[in-house]
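Notes follow once the structure below has been shown.
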Amino acid sequence: MYALSLLAATACLLLPATTAQELITEDSYFYGQSEPVYPTPQTSGSGAWGEAIAKAQAFVAQLSLEEKTSITGGVSNSSRGCGGNIPGIPRLGFPGLCLSDAGAGVRGTDLVNAYTSGISDGASWNKNLTYQRAYQMGGEFRRKGVNIALGPPMVGPLGRIALGGRNWEGFGNDPYHAGVLAGLAVHGIQDQGVVACTKHFIGNEQETARSILLDSNNVTILSSSSNIDDATLHEAYLWPFYDAIHAGSAAVMCSYNRLNNSYACENSKSLNGILKTELGFPGLVMSDWGAQHSGVASALSGMDMVMPSALAFWGGNLTLSVNNGSVPESRLTDMATRIMAAWYLVGQDSSEYPAPGIGMPANVLVPHTLVEARVPEARPVLFQSSLEGHVLVKNTNNALPLSKPKILSIFGYDAKAPDSITPNPTNRDWAFGLLSSSARYFICGFGNRIAQTCPAPPPIAANGTLYTGGGSGASTPPYISAPFNAIQERAAKEDTALYWDFVNINATAYVPTESDAAIVFINALASEGYDRPSLRDDFSDALVTNIAAQHNNTIVVIHNAGIRLVDQWIENPNVTAVIFAHLPGQDSGAALTQLLYGDVNPSGKLPYTVAKNESDYGRILNPITDIGANGEFYRFPQDDFTEGVYIDYRAFDASNIEPRYEFGFGLSYTTFSLSNLKVACVSGSPSEYPTGQVVAGGQADLWDIVATATVSVTNTGSVAGQEVAQLYLSIPVEGQPIRQLRGFEKVMLQPNESTTVEFELNRKDMSVWDVAAQKWKLTLGTEYTFFVGNSSRALALNETLTLLK
């Protein structure tokens, strides 16, 4: 029998701190303990999953005990450059598996494209584009012989920590927004026959203290524990995983951190009880690289595959554990079945699927067989993704678009092409060459020394334009279109004279006042392995301020891997336009130039809130700060998610904090109006709780549509453009956010054109998690309020709807 309750308290509190003489030796000292749930349920499913599982069961039935074990653990493969490898079983025609990063394209190889990062995809708010991006990316994984793509989607971290080093890999800071896009990304990847691995499960909201450390006395300090109450877990951090699994994600990656004081990759409550029982996940759970900390415990708790190597805990030890009865053979059989079911689900048993890792050379710097993964069909998707990830947030006096300027001045370290993007043969990552010394911070994040011994992370990439972030989410460019080069090409066509200065980057050099505009390029760097040092930097702010002091039409472009504050200069009247350009991939400069000149109308919206001050983000700004001090945090870092679901705009709304730019905000070169909001119940009275059987993604009727809303959108301006109509819902339950996103649709409209947008809300969209019942609960007989507008703070329309009992 499976226990389905999790810690029901509204916050995970610590006992009083101990003295230095009373050092804690067990993490059971802390509240927030994750309850045990055993055994792991056997995989099951219907439809496509049912057929895949049946094939997998027939295959696994032919395996020896040692062969079953081999499927569950990574091995080295000196001839291939895959991030992870599962050995083949030649006698049965199984070629093995190649696993590879990452969220913005196939990492660490040649002849692939560098796509936009997740944050840019999220800023597009474009569902179709999200699918097409994933579909084209998936094709490149397949042609390179990658069986499992390690993202997209990446929905953990969700963005709780504003300084989070990996926030840029995800879609944004709202669970609904992230969930919708995650489901589409899963479809796109798997429609190409590649297994999508959704990550990181769960509560991996920061890089600080994510890994086990050793202090100067070789005392072990465990990874930080994300202490999350039951309702918060479901309504925020688990939410997008529902969407991804419902879409068919065949793999899930468990994370480095501990969850309620149990390592995420051996947390039986989250893996057995929630993921595999409540969500009905039929696929495989793999460890993040090096995130396994036990052998028998991780096997019994629901992990199915260890990466990158099985040697530490599994391999022969797992076979021994089965033979001595520590691990039931049925558990090993289920592990192998889940892995093979994923392989069959996406059709990799086809003879047409490329050999594992065929296009992933172990070293790209030595002669090797070239495998071209790019196709012409990907080009427009790449470019459109780059375009729509830009967000225009200020445009005073129509400073943009530019109109055949006579003279332009270009400043800033981020404008030019990187000094180098030569891959490092050790880590095989172009991005590390681009980001200069970023590699040492990434590697430091994987090290076993305490964090204070690592160098301070850089806030910017000073040696060239930022098109991606650092670490395993980075992409591999065949070229980089830098902003300056693209503007220079346009200038040549329009006889525009250019001034530029990338040497005197503090802008002490001459700024020609006769220029039509001065464009300043800055960036904000982030990488896996460390959290960002701040949300702004003095160097870049001084650069903008100095330029603006010398020119009254200063345009600022920020390539930002996460939230970037602008209040040092945003109210300066000489700063006339600002673009958050995010991480646009290889077509960065070309796309930006089309936006600057008005060839294309900006249509991006912020997938996060930009505050006026760092303090506006409150305690959630990076709470683990005292690692290394004596006391209860020393050996067992604790991170209590006491803010509950109140992150990003939900927290700003609840505390009535005025943001600089709110979630969902973005300007255009035209104007739009919304009108005629109508809401309606779908026929029939829904039950208070779902009653359907569990399928992949939870109870089947969680996905039934229970209400709809329609609204008219009109382009009231003079140029064509896209608008994102956004629906926010007020759920009539105490403790719920004032409003939360529950729908968005992006539409293209010509001047004076109108269209009707429809939102469909399913049962889960309108429910809250009932801790006592352990089910999603609708509030019947009480009014829900629907708000529609074009940002979380610009909601001109509202209507109420009562779900009848």
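Under the 3.5 Å distance criterion, with hydrogens and angles disregarded, a donor-acceptor pair is assigned to the side chains of T130 and D121. A donor-acceptor pair shorter than 3.5 Å can be found between the side chains of N790 and E723. For the residue pair Q384/E388, the side-chain donor-acceptor check at 3.5 Å is satisfied. Looking at Q586 and N113, their side chains do bring a donor and an acceptor atom within 3.5 Å of each other. Side chain to side chain, D243 and Y176 fail the donor-acceptor criterion of an N or O pair below 3.5 Å. Side chain to side chain, N715 and E753 fail the donor-acceptor criterion of an N or O pair below 3.5 Å. No side-chain donor-acceptor contact under 3.5 Å links Q726 and E745.
Interatomic distance, CG of D101 versus SG of C197, reported as 10.0 Å (0.5 Å rounding). For the atom pair I189 CD1 and H187 NE2, the distance stands at 12.5 Å (nearest 0.5 Å). Taking NE2 of H582 as the start and CG of L606 as the end, the distance is 6.0 Å to the nearest 0.5 Å. The OH atom of Y467 sits 10.5 Å away from the OG1 atom of T465 when rounded to the nearest 0.5 Å. Between atom NE2 of residue H559 and atom CG of residue D414 there is a gap of 5.5 Å, rounded to the nearest 0.5 Å. Atom-to-atom distance recorded for S603:OG and L387:CG is 8.0 Å, nearest 0.5 angstrom.
When all heavy atoms of A517 and I555 are compared, the closest pair comes out as CB-CD1, 4.0 Å. Nearest approach of G743 to L741, heavy atoms of both residues: O-CD1, 3.4 Å. Of all heavy-atom pairs between S78 and A362, the closest is O-CB, 3.1 Å. Between P584 and S120, the shortest heavy-atom distance links the atoms N-OG, 4.0 Å. Contact between F665 and V393 at its shortest, heavy atoms only, is CE2-O, 3.6 Å. Minimum heavy-atom separation, A591 to S386: CB-OG, 3.3 Å.
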Practice item. Applying side chain to side chain contact (heavy atoms under 4.5 Å, CB included), run through T476 and V106 and close with a yes or a no. Key: CA-CA 7 Å; T476 304; V106 189; over 6 Å; no

**Study point:** Stepwise ring-ring contact (aromatic ring centres under 6.0 Å, His included) check, Y413 with F521
**Key:** CA-CA 7 Å; Y413 56 89; F521 290 88; 9.8 Å; no

**Study point:** From CA spacing to verdict: side chain to side chain contact (heavy atoms under 4.5 Å, CB included), V520, V557
**Key:** CA-CA 6 Å; V520 188; V557 178; over 6 Å; no

Point to revise | Residue pair F141, I148: steps toward the side chain to side chain contact (heavy atoms under 4.5 Å, CB included) verdict | key: CA-CA 8 Å; F141 279 107; I148 302 180; over 6 Å; no

Practice item. Decide side chain to side chain contact (heavy atoms under 4.5 Å, CB included) for I71 and F59; before the verdict, give the C-alpha distance in whole Å, the side-chain angles of both, and the deciding distance to 0.1 Å. Key: CA-CA 12 Å; I71 290 177; F59 177 88; 4.2 Å; yes

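Under the 4.5 Å side-chain criterion, counting only non-hydrogen atoms from C-beta, M137 is in contact with P152. When side chains are defined from C-beta on, R133 does not count as touching Y135, because their heavy atoms never get closer than 4.5 Å. Inter-residue side-chain proximity for Y669 and P401 is flagged as met; some heavy-atom pair is nearer than 4.5 Å. Inter-residue side-chain proximity for F744 and V180 is flagged as met; some heavy-atom pair is nearer than 4.5 Å. Proximity of I480 to N485: side-chain heavy atoms (C-beta onward) are nowhere separated by under 4.5 Å. Taking 4.5 Å as the limit, every side-chain heavy atom of C98 sits out of range of all side-chain heavy atoms of R80. Within the 4.5 Å cutoff, the side chain of N85 has no heavy atoms near those of the L99 side chain. Using a 4.5 Å cut-off on side-chain heavy atoms (C-beta onward), H200 and R166 make contact.
Under the 3.5 Å distance criterion, the side-chain polar atoms of K416 are matched with a main-chain donor or acceptor of N463. With R142 contributing its side chain and N147 its backbone, the two residues share no donor-acceptor pair below 3.5 Å. Listed for the D587 side chain is no donor-acceptor partner under 3.5 Å among the backbone atoms of A590. For Q190 (side chain) and A250 (main-chain N/O), a donor-acceptor pair under 3.5 Å exists by modelled atom type. The backbone N or O of L400 sits nowhere less than 3.5 Å from a side-chain atom of N398 that would complete a donor-acceptor pair. A donor-acceptor contact shorter than 3.5 Å links the side chain of T109 to the backbone of G359. Side chain of K605 to main chain of S791: no donor-acceptor pair is present (N/O by atom type, distance under 3.5 Å, no hydrogens or angles). Using modelled atom types, no side-chain atom of S117 and backbone atom of I119 make a donor-acceptor pair closer than 3.5 Å. For the pair R338 (side chain) and L284 (backbone), a donor-acceptor distance under 3.5 Å is absent. At distances below 3.5 Å, at least one donor-acceptor pair connects side-chain atoms of E372 with backbone N or O atoms of R374.
For F484 and F502, the ring centers are positioned less than 6.0 Å apart.
One finds no salt bridge joining E377 and R379 here, because no Lys/Arg side-chain nitrogen approaches an Asp/Glu carboxylate oxygen to under 4.0 Å.
In this structure, R490 forms a cation-pi arrangement with Y597, its terminal cationic atom sitting closer than 6.0 Å to the ring centre and no more than 45° off the ring axis.
Applying ring pair (Phe, Tyr, Trp, His ring centres under 6.0 Å) to H177 and the options W125, Y608, F171 leaves one that passes, W125.
Between W703 and Y242, the ring-plane angle classifies as tilted under the 30° and 60° cut-offs.
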